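Small disclaimer: the values here were computed from a predicted structure and weren't measured.
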Amino acid sequence: MKLLYFVLMYLFMSIPVMGQRVSVSQLKDIVWIRTSPYIKGIATKMKFTDTELQVMETLDYSGKTYVFNYPYYMSDVRTYDFDSTMVGKNTKGSFVLRLSKGKVHIVRILGISKDTLVVEFEVRKDFIGGNTIMKFKREE
């Protein structure tokens with residue numbers, strides 16, 4: 001009984017760490033709308049191409065949209081070393097490594113279905129705060 005308990009605990013604790021391995025083809029050309037956590041006054045959308053992760057933030061009070069384009073690639077390895085030669089080439093993995101202002105940001109894919117994407121944005125060591133789990137739905 002104790003062995004079963006330890007095996008179940010190991011599996012339970014390792015699932016969020018591993019993430020879900022996905023292909024760029026499952027992510028790209030879909031507009032993903034962030035549903036959680038909700039930030040009052042800002043509507044956030046995200047779209048993947050073969051080489052860029054595009055984030056669109058629209059301010060409710062002005063209707064102005066800001067668009068940010070980040071080079072990225074998929075990886076099975078969590079690293080802060082961005083290899084720009086892998087952009088557009090490494091198309092499968094459980095991590096999205098994106099480059100913003102010379103710094104690597106790690107996004108772990110926790111789950112994906114036809115209509116839902118769940119990711120964890122990891123906070124860099126030099127930032128204050130913790131990781132954020134975000135949920136997105138497919139734009140219709």
Side-chain angles (χ1 to χ4, degrees):
M1 188 66 178
K2 284 185 180 182
L3 179 61
L4 178 62
Y5 173 77
F6 285 114
V7 169
L8 290 174
M9 285 303 293
Y10 172 78
L11 290 173
F12 177 73
M13 293 178 72
S14 66
I15 288 172
V17 173
M18 293 186 302
Q20 181 175 343
R21 192 165 200 272
V22 299
S23 170
V24 169
S25 63
Q26 292 174 270
L27 300 169
K28 75 175 197 168
D29 300 327
I30 299 169
V31 176
W32 298 98
I33 302 168
R34 186 168 76 186
T35 58
S36 174
Y38 173 74
I39 298 176
K40 186 175 181 179
I42 302 175
T44 303
K45 297 180 181 182
M46 172 169 78
K47 181 180 178 183
F48 291 84
T49 69
D50 287 325
T51 59
E52 287 187 326
L53 169 56
Q54 184 179 73
V55 177
M56 300 147 281
E57 294 183 345
T58 302
L59 304 178
D60 291 345
Y61 72 91
S62 68
K64 184 162 174 84
T65 299
Y66 296 90
V67 179
F68 306 94
N69 293 304
Y70 305 104
Y72 83 97
Y73 62 92
M74 304 297 295
S75 177
D76 285 318
V77 179
R78 184 186 171 281
T79 179
Y80 286 108
D81 295 321
F82 192 83
D83 183 355
S84 59
T85 64
M86 299 308 293
V87 173
K89 295 179 184 169
N90 216 20
T91 60
K92 292 183 181 178
S94 53
F95 296 98
V96 175
L97 304 180
R98 72 171 191 170
L99 190 63
S100 174
K101 298 180 182 175
K103 297 195 179 215
V104 177
H105 295 257
I106 299 172
V107 180
R108 182 188 327 228
I109 307 292
L110 297 178
I112 188 169
S113 69
K114 179 182 161 216
D115 298 318
T116 305
L117 174 64
V118 181
V119 300
E120 179 179 21
F121 280 80
E122 295 188 11
V123 174
R124 292 186 49 85
K125 296 173 195 168
D126 51 347
F127 281 46
I128 297 173
N131 295 353
T132 303
I133 294 177
M134 295 185 180
K135 297 179 182 175
F136 295 82
K137 70 175 183 176
R138 178 191 289 255
E139 183 175 65
E140 297 175 12

* To do: Check the hydrophobic clustering (I, L, V, M, F, W, Y; side-chain heavy atoms under 4.5 Å; chains of links allowed) and say if Val31 and Leu53 are grouped together.
  => no

* Show your working on side-chain contact (heavy atoms from CB on, under 4.5 Å) between Lys103 and Ser100 and close with a plain yes or no. => CA-CA 5 Å; Lys103 297 195 179 215; Ser100 174; 5.9 Å; no

* Asked: Quick one: are Leu27 and Met74 in side-chain contact, heavy atoms under 4.5 Å?
  -> yes

* Asked: Rounded to the nearest 0.5 Å, what separation is found between the NZ atom of Lys28 and the OG atom of Ser23?
  -> 9.0 Å

* How many angstroms lie between OH in Tyr70 and CE in Met46, if you round to the nearest 0.5 Å? -> 11.5 Å

* Any side-chain donor-acceptor pair under 3.5 Å between Gln54 and Asn69? -> yes

* Non-hydrogen side-chain atoms of Arg138 and Trp32 separated by less than 4.5 Å -> yes

* To do: First locate atom CE of Met86, then atom OH of Tyr72, and finally report the distance between them rounded to the nearest 0.5 Å.
  => 12.5 Å

* **Derivation and outcome, side-chain contact (heavy atoms from CB on, under 4.5 Å), residues Ile33 and Lys45** => CA-CA 4 Å; Ile33 302 168; Lys45 297 180 181 182; 4.1 Å; yes

* Heavy-atom side-chain proximity of Glu122 to Phe95 below 4.5 angstrom -> yes

* To do: State, yes or no, whether a side-chain contact exists between Thr51 and Pro71 at a heavy-atom distance under 4.5 Å.
  => no

* To do: Applying side-chain contact (heavy atoms from CB on, under 4.5 Å), run through Val24 and Tyr73 and close with a yes or a no.
  => CA-CA 9 Å; Val24 169; Tyr73 62 92; over 6 Å; no

* When clusters are formed by joining ILVMFWY residues with side-chain heavy atoms under 4.5 Å apart, either directly or through shared neighbours, do Tyr66 and Ile42 land in the same one? -> yes

* To do: Consider only side-chain heavy atoms of I, L, V, M, F, W and Y, link residues closer than 4.5 Å, and tell whether Leu97 and Leu99 are in one cluster.
  => yes

* Structure fact -> In this structure, OG of Ser84 is separated from NZ of Lys89 (nearest 0.5 Å) by 9.0 Å

* **Sub-4.5 Å side-chain heavy-atom contact between Thr44 and Glu57** => yes

* When rounded to the nearest 0.5 angstrom, what is the spacing between CZ in Arg21 and CG in Asp76? -> 4.0 Å

* Please list, chain by chain and in numerical order, all residues satisfying side-chain hydrogen bond (donor to acceptor under 3.5 Å, both in side chains) with Asp83, sequence neighbours excluded. => Thr85

* Which heavy atom of Glu120 sits nearest a heavy atom of Leu110, and at what distance? -> CB-CD1, 4.0 Å

* Asked: Can Met56 be reached from Ile30 by stepping across I, L, V, M, F, W or Y side chains whose heavy atoms are under 4.5 Å apart?
  -> no

* To do: Starting at NZ of Lys47, measure out to CD of Glu139 and round the result to the nearest 0.5 Å.
  => 9.5 Å

* Is the closest side-chain heavy-atom distance between Met134 and Pro37 below 4.5 Å? -> yes

* Asked: If we only count heavy atoms from C-beta on, is the Val55 to Val67 side-chain gap below 4.5 Å?
  -> no

* After noting the C-alpha distance and the side-chain angles of Phe48 and Val96, does the key distance pass the side-chain contact (heavy atoms from CB on, under 4.5 Å) rule? -> CA-CA 11 Å; Phe48 291 84; Val96 175; 4.2 Å; yes

